[in-house]
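Below you'll find the structure I mean.
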Amino acid sequence: MSKELNITPLNKWGFTFSTPLVIAGPCSVESEEQVMETALQLKDKPVDILRGGIWKPRTRPNSFEGIGSQGLRWLKDAGNAINKPVATEVANVKHVYEALRMNIDILWIGARTTVNPFAVQEICDALQGVDIPVIVKNPINPDLELWIGAFERLNRAGITKLAALHRGFSTHEKTKYRNIPRWNIPIELKRRFPELPIICDPSHICGTREYLREVAQTALDIGFDGLHLESHINPDKALSDAKQQVTPEAFGELMSLLQKRESLEENPSAENQLEMLRGRIDHLDHYLLEMLSERMDVVREIAEYKRNNNLAIVQPSRWTEILEDRLVTGIRKNLSEKFIKELFHAMHKESIEHQTAVMMKYDDNSVEKEA
Ligand code: PEP
Ligand code: MN
């Protein structure tokens, strides 16, 4: 498996993009007027690419499944009217051919397609040798390798104008999001492929308008390369994803409230200060590891004592006492309850493993002695 991706940076895609890159437009193209009017209202807003879904992957078949091929011309005309490239989702060979025939500028692969390597390969085969940018949404399940696999397949088809679109992950967990962001996954993607632009899609993460700003700001704070937001002239009447779409007006306001962050290349003077702070983090991390190692030394001593006195490893009352005490202290020190619980559960698990190992060592000896 190749470890590298061949990526053409956003500024060489052949369009004029701002930083961060912004994709906006309706979830679905519904009519010629709707997409044109949306585009015209977005014209004076910070938009680089006009989006619109033509074929909609819906959970249930009785929902609006997209206007179909006729909408491609409407989307393209709307893009031309505001002098912006247009993007649409392709999920099979027919979609690819139709989109290419209508000169759609940029394609994206949806979350329900990325999840299926057969479908992704089929799209790649249809795109072999075509120089068109492709944006890949994360698969609906939090599987980073599957996401990377789609980029590798596209690369093998000769496509290098690539970007990742983070739209969150399906989950059964109770959360305020429609699709839980699991930020560690796009961050790990960025760590492994620093050249690959990553765009965040707060609309599909949130599922409602309420948290769009907070999610978009988090993405910029982390250092994402762009944002993707669904905008519709009459969101409440939208035929798909009504709850999460915003008017072009509201989109403009949202964009103006966001705080842009600079990368170190853009602001080299920040480097020294940052280096100092990073030095402190490195120092604290090593200190933490030393403390943890010392804690495990004590744990092993306890295990020996328990073994000699025939005591069980887990003493539930002691464990409850530790957790309660550490929660009080941790919360007082501005750490979240969730974090303290996760941290102490992880330490407890590790501690039990160390203690079990100590007990087993003794058991082996006693077997030897008896033999
Ligand atoms: C969309 O962008 O409208 C869409 C269907 O998104 P996703 O593939 O992320 O569900
Ligand atoms: Mn949508």
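Not measured: the values here are computed from a predicted model. Counting starts at 1 for both ligands and their atoms, following the listed order.
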Query - Any N/O pair Lys137/ligand 1 closer than 3.5 Å - result: yes
**Report entry** Charged N-O contact under 4.0 Å between Lys84 and Asp48
**Finding:** no
Query raised in the report: Would you say the side-chain atoms of Gln355 pair up with the backbone N or O of Ile302, donor to acceptor, closer than 3.5 Å?
Result: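 No, Gln355 side chain to Ile302 backbone: no donor-acceptor pair under 3.5 Å.
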Report task. Might you confirm whether atom CD of Gln70 has over 12 heavy atoms from other residues, nucleotides or ligands at distances under 6.0 Å? Result ->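 Yes - once you tally the heavy atoms of other residues, nucleotides and ligands closer than 6.0 Å, there are more than 12.
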Query raised in the report: Do Glu89 and ligand 1 have an N or O pair less than 3.5 Å apart?
Result: no
Report task. Using the ring of Tyr211 (Phe, Tyr or Trp, six-membered ring only), decide whether Lys176 places NZ or CZ under 6.0 Å from its centre and within 45 degrees of its axis. Result ->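 Ring-cation test returns yes.
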Query raised in the report: Of all the heavy atoms in Gly53, does at least one lie under 4.0 Å from an atom in ligand 1?
Result: no
Query - Closest Glu230 atom to the Mn ion (ligand 2) [N, O or S only] - result: OE2
Query - Numbered atoms of ligand 1 (with element) below 4.0 Å of Cys27, judged on heavy atoms - result: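 Per the distance check, 3 (O).
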Report task. Can you tell me, to 10 degrees, how wide the angle at the Mn ion (ligand 2) is between NE2 on His204 and SG on Cys27? Result ->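 An angle of 170° at the metal.
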Query - Atom CG of Asn309 with >12 non-hydrogen neighbours under 6.0 angstrom - result: yes
Query raised in the report: So is there a nitrogen or oxygen of Gly110 less than 3.5 Å from a nitrogen or oxygen in ligand 1?
Result: no
Query - Test of proximity, His228 against ligand 1: N or O pairs below 3.5 Å - result: no
**Report entry** From the candidates His204, Lys56, Gln244, Arg112, the one that places a heavy atom nearest atom 10 (O) of ligand 1
**Finding:** Arg112
Query raised in the report: Looking only at protein heavy atoms, which one is nearest to atom 8 (O) of ligand 1, and how far off is it?
Result: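 Checking every protein heavy atom, the shortest distance to atom 8 (O) of ligand 1 gives Ala111 N, 2.9 Å.
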Report summary line: Nearest heavy-atom contact between Thr8 and Trp13 is O-NE1, 3.0 Å
Query raised in the report: CZ of Arg213: more than 12 outside heavy atoms within 6.0 angstrom?
Result: no
